[in-house]
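To start, the structure itself, in structure tokens.
Just so it is clear: chains get the letters A, B, ... in the order the sequence lines come, proteins before strands, and each one is counted from 1. Please read these numbers as outputs of a predicted model, since none were measured by experiment.
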2 protein chains.
Amino acid sequence: MLKQIASILEDKIYNSLKEQVEKYSSLTAEEWSSFSSYWEPCTFRKNQYMTKAGQVENWFYFVYDGVLRLYAAKDGEEINAGFTYNNDFSGEYASFLSQEPTEFYIQAITDCSLLRISYKNLMYMFDELKCIERFGRQFNAKILIDMAKRQLESRSFTAEEKYKRLLTQSPHILQLVPQKHLASYLGMTPETFSRLRAKVR
Amino acid sequence: MLKQIASILEDKIYNSLKEQVEKYSSLTAEEWSSFSSYWEPCTFRKNQYMTKAGQVENWFYFVYDGVLRLYAAKDGEEINAGFTYNNDFSGEYASFLSQEPTEFYIQAITDCSLLRISYKNLMYMFDELKCIERFGRQFNAKILIDMAKRQLESRSFTAEEKYKRLLTQSPHILQLVPQKHLASYLGMTPETFSRLRAKVR
DNA sequence: TTGATTTCTTGATGTAGATCAAGTCGTGTT
DNA sequence: AACACGACTTGATCTACATCAAGAAATCAA
């Protein structure tokens with residue numbers, strides 16, 4: 001009985017993954033069946049580390065439920081580089097791709113439920129299935145486009161402008177992520193973030 | 001006679017392209033023959049614009065000879081985002097991939113000699129040849145890894161540290177690109193750049 | 001529930017780097 | 001050769017945001 005419930009939930013998780021993959025490349029039923037067999041469920045508890053600096057990222061993750069943060073530690077201070085929520089892909093992707101040690105930590109902000117595929121298996125899928133090779137290309141393209149946008153924004157806007165843009169463009173994030181992390185993400189101190197909050201309110 | 005010289009030069013250019021493509025994915029002779037037929041030579045004169053803000057980037061370029069700079073214009077001020085030299089690929093790649101209007105300009109810093117392939121033809125090649133789809137994925141991965149590195153560096157280092165890193169890691173660039181553009185690339189004013197030059201010297 | 005941490009707020013002060021300004025050097029043009 | 005215009009330098013001043021500090025609020029753990 002409990003097993004049945006668990007299995008229904010698992011179906012839902014795999015369906016969410018399929019939906020996201022198909023945003024980048026469409027798969028036949030057989031292709032999906034093959035591809036999905038390489039993904040395995042995993043979970044992280046709040047505050048647990050998914051990846052730590054110095055490691056080579058071995059997994060490419062799909063977040064079914066939960067919130068994670070990506071940050072680098074530079075002489076004691078944390079530089080938050082991004083967050084992932086439900087239905088995002090996650091992991092330290094640059095290290096995963098280059099198979100070189102990462103400078104980043106990924107930590108669960110809440111309990112998380114995910115699927116993951118190993119580097120070896122994903123590379124195998126790239127070789128075997130053109131639709132997956134395409135998924136890889138398109139997904140890389142998407143990440144790249146987002147990074148280029150963010151990079152320009154971080155250069156063009158003042159602290160106040162960045163705060164306001166966050167407010168209008170991703171208001172949900174304020175509920176999910178502690179302010180100090182958001183401040184760091186926007187490239188300012190928690191004090192500045194707090195003052196802007198008071199000012200704009 | 002002149003035609004022969006031109007044709008020998010053109011062979012050299014295509015060979016350089018082949019060499020770079022094969023860094024990402026290996027091609028058989030026939031695959032290369034097909035792929036290379038979609039690339040056409042083109043040139044830009046010093047100061048000429050390859051791409052302007054508002055346009056959708058239609059071309060993916062390979063720089064055989066010359067230097068180009070990529071910059072965005074934010075209320076009158078230029079934000080330099082990158083440079084390309086010999087044997088680099090070039091173009092406003094995020095706009096090329098997304099086929100949405102770019103916010104960037106690309107300007108020739110010197111006379112340039114390039115090859116280029118249109119969006120339509122590259123997409124066609126992605127469909128036709130798995131080795132090219134792979135090239136696309138791997139190239140995207142490389143760009144992405146570089147961007148992630150640069151993003152972290154721009155956050156972690158002071159103006160002086162960034163200047164010193166430029167000095168040790170890409171000293172050649174100082175000869176090729178005017179200081180004011182390098183200053184902007186590092187996220188500081190020309191005055192600050194000049195003062196650091198004096199200080200470090 | 002209560003005490004202990006951690007996060008957030010608010011004020012006072014400090015500073016890296018920007019801005020403004022004026023001169024010098026270099027380079028291309030006629 | 002001369003001159004015009006942009007690139008670079010150097011100094012004086014300014015400012016957005018950081019840092020330091022101390023209290024208030026929220027969250028956590030038993």
Side-chain angles (χ1 to χ4, degrees), chain A residues 45-49 66-67 69 71-80 83 105 107-111 153-167 171 173-201, chain B residues 45-49 66-67 69 71-80 83 105 107-111 153-167 171 173-201:
Chain A
R45 285 320 188 87
K46 182 172 177 173
N47 293 329
Q48 200 182 341
Y49 284 92
V67 185
R69 77 182 176 108
Y71 72 91
K74 169 85 185 172
D75 32 68
E77 183 213 13
E78 295 180 357
I79 298 175
N80 284 78
F83 308 95
Y105 299 81
Q107 188 182 31
I109 286 184
T110 65
D111 288 357
E153 296 204 349
S154 79
R155 287 282 304 270
S156 331
F157 297 113
T158 63
E160 182 166 348
E161 286 168 329
K162 286 184 218 171
Y163 172 73
K164 284 181 176 167
R165 288 173 70 84
L166 186 75
L167 220 60
I173 212 179
L174 294 158
Q175 267 57 60
L176 298 173
V177 177
Q179 281 186 35
K180 57 172 185 170
H181 296 327
L182 293 177
S184 156
Y185 176 70
L186 296 180
M188 63 185 78
T189 58
E191 291 92 332
T192 298
F193 191 96
S194 172
R195 276 184 254 269
L196 287 172
R197 222 167 97 89
K199 183 176 175 190
V200 171
R201 196 198 299 129
Chain B
R45 286 319 190 86
K46 182 173 176 173
N47 293 328
Q48 201 181 340
Y49 284 92
V67 184
R69 75 182 176 107
Y71 71 91
K74 170 84 185 172
D75 33 68
E77 184 213 12
E78 294 179 357
I79 299 174
N80 285 76
F83 307 95
Y105 298 80
Q107 188 182 31
I109 286 184
T110 65
D111 289 356
E153 296 204 348
S154 78
R155 288 281 305 270
S156 332
F157 296 114
T158 64
E160 183 167 346
E161 286 168 331
K162 287 184 218 171
Y163 172 73
K164 283 182 177 165
R165 289 173 70 83
L166 186 75
L167 220 62
I173 211 180
L174 294 158
Q175 268 56 61
L176 299 173
V177 177
Q179 280 187 37
K180 57 173 184 168
H181 296 327
L182 293 176
S184 156
Y185 177 71
L186 297 181
M188 63 187 76
T189 57
E191 290 94 332
T192 297
F193 191 95
S194 172
R195 277 186 254 267
L196 287 171
R197 222 167 97 88
K199 184 178 175 189
V200 171
R201 195 199 299 130

Spacing between B/Q175 atom CD and D/dC8 atom C1', to the nearest angstrom:
15 Å
With DNA chain D as reference, determine whether A/G187 or B/H181 sits nearer its 5' end, using the nearest nucleotide of each.
B/H181
Rounded interatomic separation in angstrom, taking CG from A/L174 and C1' from C/dT7
15 Å
From CE of B/M188 over to C1' of C/dA18, roughly how many Å is that when rounded to an integer?
12 Å
Return no unless some side-chain N or O of A/T189 is found under 4.0 Å from OP1 or OP2 of D/dC17.
no
Distance in angstrom units between A/L176 CG and C/dT7 P, rounded:
17 Å
From B/T110 atom OG1 to B/K46 atom NZ, the distance as rounded to the nearest 0.5 Å:
8.0 Å
With DNA chain C as reference, determine whether B/A159 or A/K180 sits nearer its 5' end, using the nearest nucleotide of each.
A/K180
Looking at side-chain heavy atoms only, is the closest gap between B/I109 and B/V177 below 4.5 Å?
yes
Measure from the side-chain heavy atoms of A/Q179 and tell me the nearest of D/dC8, C/dT9, D/dC28.
C/dT9
Without decimals, in angstroms, what is the distance between B/L186 CG and C/dA18 P?
11 Å
Heavy-atom distance under 4.5 Å between the side chains of B/Q179 and B/R197, does that happen here?
yes
Side chain of B/A198 only, heavy atoms from C-beta on: which candidate in D/dA18, D/dT10, C/dA18 is closest?
D/dT10
From the set C/dT19, D/dC17, D/dC8, return the single nucleotide nearest to any side-chain atom of A/T192.
D/dC17
Is a donor-acceptor pair below 3.5 Å formed from side chain B/R201 to base D/dT9, judging by atom type as modelled?
no
If you define the side chain from C-beta out and look only at heavy atoms, does anything of B/R69 sit under 4.5 Å from B/E78?
yes
Is A/R195 side chain donor-acceptor paired with the D/dT19 base, going by distance under 3.5 Å alone?
yes
Between C/dT9 (P) and A/K199 (NZ): distance, integer Å:
16 Å
Spell out yes or no: do the side chain of B/E191 and the base of C/dC20 have one donor N/O and one acceptor N/O closer than 3.5 Å?
yes
Taking side-chain contact (heavy atoms from CB on, under 4.5 Å) as the criterion, tell me which of A/Y71, A/F83, A/F193 meets it with A/Y185.
A/F83
Round to a whole Å and report the spacing from CZ of B/F157 to C1' of C/dG17.
18 Å
Rounded to whole Å, CZ of B/F193 lies from C1' of D/dT9 at a distance of 13 Å
